[in-house]
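The next block holds one structure in the form of structure tokens; read it before the comments.
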Protein chains: 2
Amino acid sequence: MATGRTHRPATRSRGIPEATVARLPLYLRALTALSERSVPTVSSEELAAAAGVNSAKLRKDFSYLGSYGTRGVGYDVEYLVYQISRELGLTQDWPVVIVGIGNLGAALANYGGFASRGFRVAALIDADPAMAGKPVAGMPVQHTDELEKIIEDNGVSIGVIATPAGAAQQVCERLVAAGVTSILNFAPTVLSVPDGVDVRKVDLSIELQILAFHEQRKAGEEAAADGVVPPVAAKPHRKGPDGDVPAVMPA
Amino acid sequence: MATGRTHRPATRSRGIPEATVARLPLYLRALTALSERSVPTVSSEELAAAAGVNSAKLRKDFSYLGSYGTRGVGYDVEYLVYQISRELGLTQDWPVVIVGIGNLGAALANYGGFASRGFRVAALIDADPAMAGKPVAGMPVQHTDELEKIIEDNGVSIGVIATPAGAAQQVCERLVAAGVTSILNFAPTVLSVPDGVDVRKVDLSIELQILAFHEQRKAGEEAAADGVVPPVAAKPHRKGPDGDVPAVMPA
DNA sequence: TGCTGTGAAACAGTTCACAGCG
DNA sequence: CGCTGTGAACTGTTTCACAGCA
């Protein structure tokens, strides 16, 4: 029922701010790159640059994890990699199912970054009987009928939904009923899930629309600089059929 | 150079909060669905439920756009669709190029939601000469050599990067040099762009890691409820080789 | 009366600036 | 001395609660 419901209201002491959690993977990636180049230590300044944030924010973020740096020196790369991995729960590996093996699902299945750090694709599932048994990314696609069995047999708690929008809610419900408690949703729909289930969404067209908004703004500013009225300017604070609106006014 | 640099610091009056902008596409989608069902008006409560937010937030969001509702009644669906589309800049259409036509790029090219609302795929570009001319989503793939020409000829200002991580920064620079000012990045890298260029990133493995974090937390809580020490509990605030850390301690 | 629109309060996240440790 | 770690100030976002209009 509750739709955007995420985890608990951040109980006092043990709470790492959500914004910080969202940046840990970024730090981890930057640190892993340094580790591969055998760099032993980094300063907050250097690491922040590599991760694309500012150093004050990075230090504050790390302060929630504990005091892992050395004053006057910086952070030990290997040690931090381990601490962040542990904090993110990547020291265990998470079996994941991908439901909906269309173009996108197949692309996700083939995505290398999956298998690398802590995640393992346990199964690919599709509703199309013609897909069943066909190998995608070296793995046979299984039919939706098997969904519950697969989840239970593999102890899957994370599901990826890459179905068309129309099927997403139903798939979601089956995943949740079978025991999945975290869902990554690529379908352009709002999913309703019970409390205690986390949903994150990845939505191409939303991202594009946000870019378009800013793009339009830039265009408007240039025009304004040229002495032209920007397309969005002079919004009437009262609505009304003031020429502004095309053939789609209220009845 | 500046990495996370987004738009201006929200100049007073004309500024719609970023958080609001990010939700407008959600409202628009819900409204479009209502519109297709010929629903004439919605209350903030109903629309909020459809978009998966709470109604106070929705009303506050709309209040930044102007007073588009009718007290005691609600919002006119068609009218709001238009206002939000206009605010997002979707009344014009935006030519977009996709660079990197691997699994993911092809999936994006095939994604219907693209063409629908305000966006048009102007070209598919890949560095592999073997791909050149091959049709993907009914469109011939063009070689990277053509990139600058394509951008200029089509007046493209939005680029989608779906290349491997290693190629992303270079592609980004070419896009920007050719005139692109908004980038949607699917490659798992931090892109550096000059001021005035917007970047949004979509990153599968980051999303999964965030889910893993919460998932681990849930598991820890269950264990705690069973009287077992949760995996992340009792973090030593001073670091040190106290059994906690495996073979990866600082030198 | 039933809804929107919005100040004001509460909360979350970021940035500043510097104390304090190695 | 150079860097981390962190209170304190600030900025942005959400929620509350209700005045005010159709």
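Chain A is the first sequence line, chain B the second, and so forth, proteins listed ahead of strands; every chain is numbered from 1.
- Pairs passing the salt bridge (charged side-chain N to carboxylate O under 4.0 Å, His left out) check and including a residue from residues 23-36 of chain A, sequence neighbours excluded, read R23(A)-D61(A), R29(A)-D203(B).
- For the pair I16(B) CD1 and dT14(D) C1', the computed distance is 18 Å after rounding to whole Å.
- Y64(B) has no side-chain polar atom (N or O) that falls below the 4.0 Å cut-off from OP1 or OP2 of dT14(D).
- Mapping V73(A) and R23(A) onto DNA chain C via the closest heavy atom, the residue that lands nearer the 5' end is R23(A).
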Which atom pairs link the protein and nucleotides 15-20 of chain C when you take only N or O atoms and keep those under 3.5 Å?
unit_1: dT15(C); atom_1: OP2; unit_2: N54(A); atom_2: ND2; d: 2.6
unit_1: dG20(C); atom_1: N3; unit_2: R71(A); atom_2: NH1; d: 3.4

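- The side-chain contact (heavy atoms from CB on, under 4.5 Å) search around T181(A) returns S157(A), E215(B), K218(B), not counting sequence neighbours.
- Residue S44(A) places at least one side-chain N or O under 4.0 Å from the OP1 or OP2 atom of dT4(D).
- The CG-P distance, from L65(A) to dT6(D), rounds to 11 Å in whole Å.
- Residues in residues 182-202 of chain A take part in no ring-ring contact (aromatic ring centres under 6.0 Å, His included) pair, two or more places apart or across chains.
- Among the protein residues, F62(A) comes within range of no part of the nucleic acid, since none of its heavy atoms lies under 4.0 Å from any strand.
- Atom CG in D61(A) sits roughly 13 Å away from atom C1' in dT6(D) (whole-Å rounding).
- Side-chain atoms of D198(B) and I183(B), non-hydrogen and from C-beta on, never get closer than 4.5 Å to each other.
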Side-chain polar contacts of residues 49-58 of chain B - donor-acceptor pairs under 3.5 angstrom, sequence neighbours left out - could you list them?
unit_1: N54(B); atom_1: OD1; unit_2: A56(B); atom_2: N; d: 3.1
unit_1: N54(B); atom_1: OD1; unit_2: K57(B); atom_2: N; d: 3.0
unit_1: S55(B); atom_1: OG; unit_2: E45(B); atom_2: OE1; d: 3.4

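- Annotation: ring-ring contact (aromatic ring centres under 6.0 Å, His included) contacts involving residues 21-45 of chain B, sequence neighbours excluded, comprise Y27(B)-F62(B).
- Minimum atom distance to the side chain of S67(B) is reached by dG5(C), of the listed dG5(C), dG13(C), dT13(D).
- For the pair E45(A) CD and dG2(D) C1', the interatomic distance rounds to 12 Å; values are reported in whole Å.
- Between the CG atom of L58(B) and the C1' atom of dT6(C) there is a distance of 14 Å, given to the nearest Å.
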